[in-house]
There are 4 protein chains.
Amino acid sequence: MPAANPPRARSGNRRDEAARLAVLHAADDLLAEQGFAALTVEAIARQAGVAKQTIYRWWPSKVEILLDTLVEDSAEDVPIPDSPTADGIRDYLRGFTRFLSHDPAGKVLLALLAQAEHDPGAAVGFQERYLRPRRERERELIARATEAGEISPRLGPDAAMDALLGPIVYGALTGVEFSPESVDTLFEALLRPCTRDG
Amino acid sequence: MPAANPPRARSGNRRDEAARLAVLHAADDLLAEQGFAALTVEAIARQAGVAKQTIYRWWPSKVEILLDTLVEDSAEDVPIPDSPTADGIRDYLRGFTRFLSHDPAGKVLLALLAQAEHDPGAAVGFQERYLRPRRERERELIARATEAGEISPRLGPDAAMDALLGPIVYGALTGVEFSPESVDTLFEALLRPCTRDG
Amino acid sequence: MPAANPPRARSGNRRDEAARLAVLHAADDLLAEQGFAALTVEAIARQAGVAKQTIYRWWPSKVEILLDTLVEDSAEDVPIPDSPTADGIRDYLRGFTRFLSHDPAGKVLLALLAQAEHDPGAAVGFQERYLRPRRERERELIARATEAGEISPRLGPDAAMDALLGPIVYGALTGVEFSPESVDTLFEALLRPCTRDG
Amino acid sequence: MPAANPPRARSGNRRDEAARLAVLHAADDLLAEQGFAALTVEAIARQAGVAKQTIYRWWPSKVEILLDTLVEDSAEDVPIPDSPTADGIRDYLRGFTRFLSHDPAGKVLLALLAQAEHDPGAAVGFQERYLRPRRERERELIARATEAGEISPRLGPDAAMDALLGPIVYGALTGVEFSPESVDTLFEALLRPCTRDG
DNA sequence: AAGTAATCGAGACGGTACGTCATGTCTTAGC
DNA sequence: GCTAAGACATGACGTACCGTCTCGATTACTT
């Protein structure tokens, strides 16, 4: 149904927060319920009960809408742990797996990753606003945990993170959930080599 | 340039092989030179010097065109090794990295992986015609190498392959080449645990 | 239904009369049952169980197919009377009205008249193969009847025929049957002026 | 030439009158210069410098475009006379002949009449928007002139009009102009029977 | 209190690509 | 040499979105 929104109070001079949220939620809903193909600017405007121009005024493209939701949701749902412990890192990886598989916001991440492959502009935004900031904090996490003796990675921090996250993402992209046990094994194999892995 | 093809000999009753190849090459070229966004059926037809209907007659969608090229090219450029040796597997992984990074056909793989995330139909085709057949032969490779004592994987065959390929693909998607050395390290960590590597 | 024709005996060297008739009947049937819009060469070929090329080999266009049927049918169904009598002419006009209104072949005449307005080629064929030959014999009919004192037209032979046939055709084109009584009145008014009809 | 229109002032929320006129004129021009076969929606859009969708937004089919021009032009170029005199009617018939033969808008009438024979939808529109309204006023003209003793028709008003207009239209359709003298003779024969027709 | 400015919804506009259909030309292979 | 079958280049069909634009209303700051 095309959003039986009661006509929002017309706004006036300042940006209409209700319209902003309606757009973000409409984008999320459309992606979750109809798939990326249905995620057109016109459909978002219809679903949100908003004029197309209102979208173009504030977002240069639908990718930026998705990035807005991803940045907010991932900060909340898959926070990077503060404590540089082995358990913290393990939990982070498990949480990331769950996020990709079971959280609607995880679909947004996959959609953006895919779109970045088709659209250089999307690639830049995805790098700058999601991947890079997150990677910097992951790097710091790895560094501090290594220093603390919690882990001893066989790879540099970037390669280690790619080696840990890559299988999870690849699984999600190919429709296979990378199991929590496999995540743990991966963790042991790459970050704590040659222990009596119990 | 809009394909200054000399007018192909008109074919007649049977499928025109020249037209088939022209379409496959046009699709490849457009993807490589202009990116996925430029890969429209109309552009392929223009570039190939072929009628749109000729494309729709033989391919249900542009995804199937790419799948045709991917299936042919990947069989040739990244063959799955026959000999179930550690070296064979290591070379396969290195070859796959190179394929993704430096071979135009690797772009096709990434484009299809991305498109599968946006388009359920593409996902099915990609699974059935690329991922599944390849995975079956990878599984057998792992099994035979394990049996031969060449490797002793810490994960089941599917998870192991995802853990090995995932980082390579994820790197390619995020614009980072997963280095050959890292590939080797990954190989050692996951398939030959706790040997004398320190 | 797509013509459950029993597969005609394959022909061989000479023109296949069965194919010729199948095409003519298919064209007639399609026009009568589906209207002119459905009268495509492909549909005729389907309906007749004949290859498209067989049609193009023998007829330069679908208009010529219709002309073939019209020439045959009109000669039979609306013959121009031999006897140059007032009654003969009156019957001819009545017969023409019935032909246009109630005979399927009359639809062919209207269709061709209409198509001639859209298509110069059709106009030429329609003139040469239907209108002109018929008009020549109509002219002769008028001339002989005048000479015999059966009629005394107020217009030249061509204008007289146009004045007599025009209303009938115009009525058929605009969906109104020009009534037999009106035809008679027209006949009296134009060909037998100022007699005792009041 | 593909319409070197200076970019029309973009309109905004309301219907763009310039675009409307551009479409009507383009349709007229194409019909006059290239014939009905060239009158495709795409060609009209090209010629008018207008997007195809702008045409489909306002007209359900190209027939309605032609009807728009016909209704406007015929009201101006072949007005039905107000004064119910013999001379008025005779002038109307002469004017109609000239309209069909020498006015580009007359081609539109013929094209629509022809198209109505091929396309039931066109037939309905042509009836409702051109034929019926005009016939109603013609009927009234005949009635008032009869009452005033200016004419004394030998046929009912509808049949009389068909008998007067039919030859003119039929002549135009078959490529013969029904001469003004013949029109006058027809007028005398049908509307003023048995006078000393001088 | 009037004037200015930015927002909003609505939606028309010129475009591009979609996937389908019919055209008329051509080749193959069977009789 | 005829036939059925059908591939092919061409180009129009009518639809969906794109991103830009103008409208008239609403609302808040400015004077």
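The chains referred to below are lettered A, B, ... by the order of the sequence lines, with proteins before strands, and numbering in each begins at 1.
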Side-chain atoms of D:A51 come closest, of F:dA5, E:dT23, E:dG14, to E:dG14
- Min side-chain heavy-atom separation C:F36-C:L112 under 4.5 Å: no
Contacts of A:E42 and B:A43 projected onto DNA chain E by closest heavy atom; the upstream (5') one is A:E42
Ranking F:dT10, F:dA7, F:dA28 by distance to the side chain of A:N13, first place goes to F:dA28
To the nearest 0.5 Å, atom CD of C:Q47 lies from atom CD of C:E42 at 14.0 Å
Ordered by number, residues from residues 53-60 of chain A within less than 4.0 Å of DNA chain E (heavy atoms) are A:Q53, A:T54, A:R57, A:W58
- Distance-only, no hydrogens or angles: does the D:K62 side chain make a donor-acceptor pair with backbone N or O of D:L39 under 3.5 Å? yes
message = Quick check: any donor-acceptor pair below 3.5 Å linking the side-chain of D:K52 to the base of E:dG14?
response = no
Separation between CD (C:E117) and CZ (C:F126), nearest 0.5 Å, reads 11.5 Å
To the nearest angstrom, the CZ-P distance between A:R46 and F:dA16 comes to 9 Å
Between B:E17 and D:S61, the residue closer to the 5' end of DNA chain F by nearest nucleotide is B:E17
Check: Are A:R129 and A:D68 ion-paired here, with the side-chain N under 4.0 Å from a carboxylate O?
Finding: yes
Per the under-4.0 Å heavy-atom filter, residues of residues 110-127 of chain C near DNA chain E come out as none
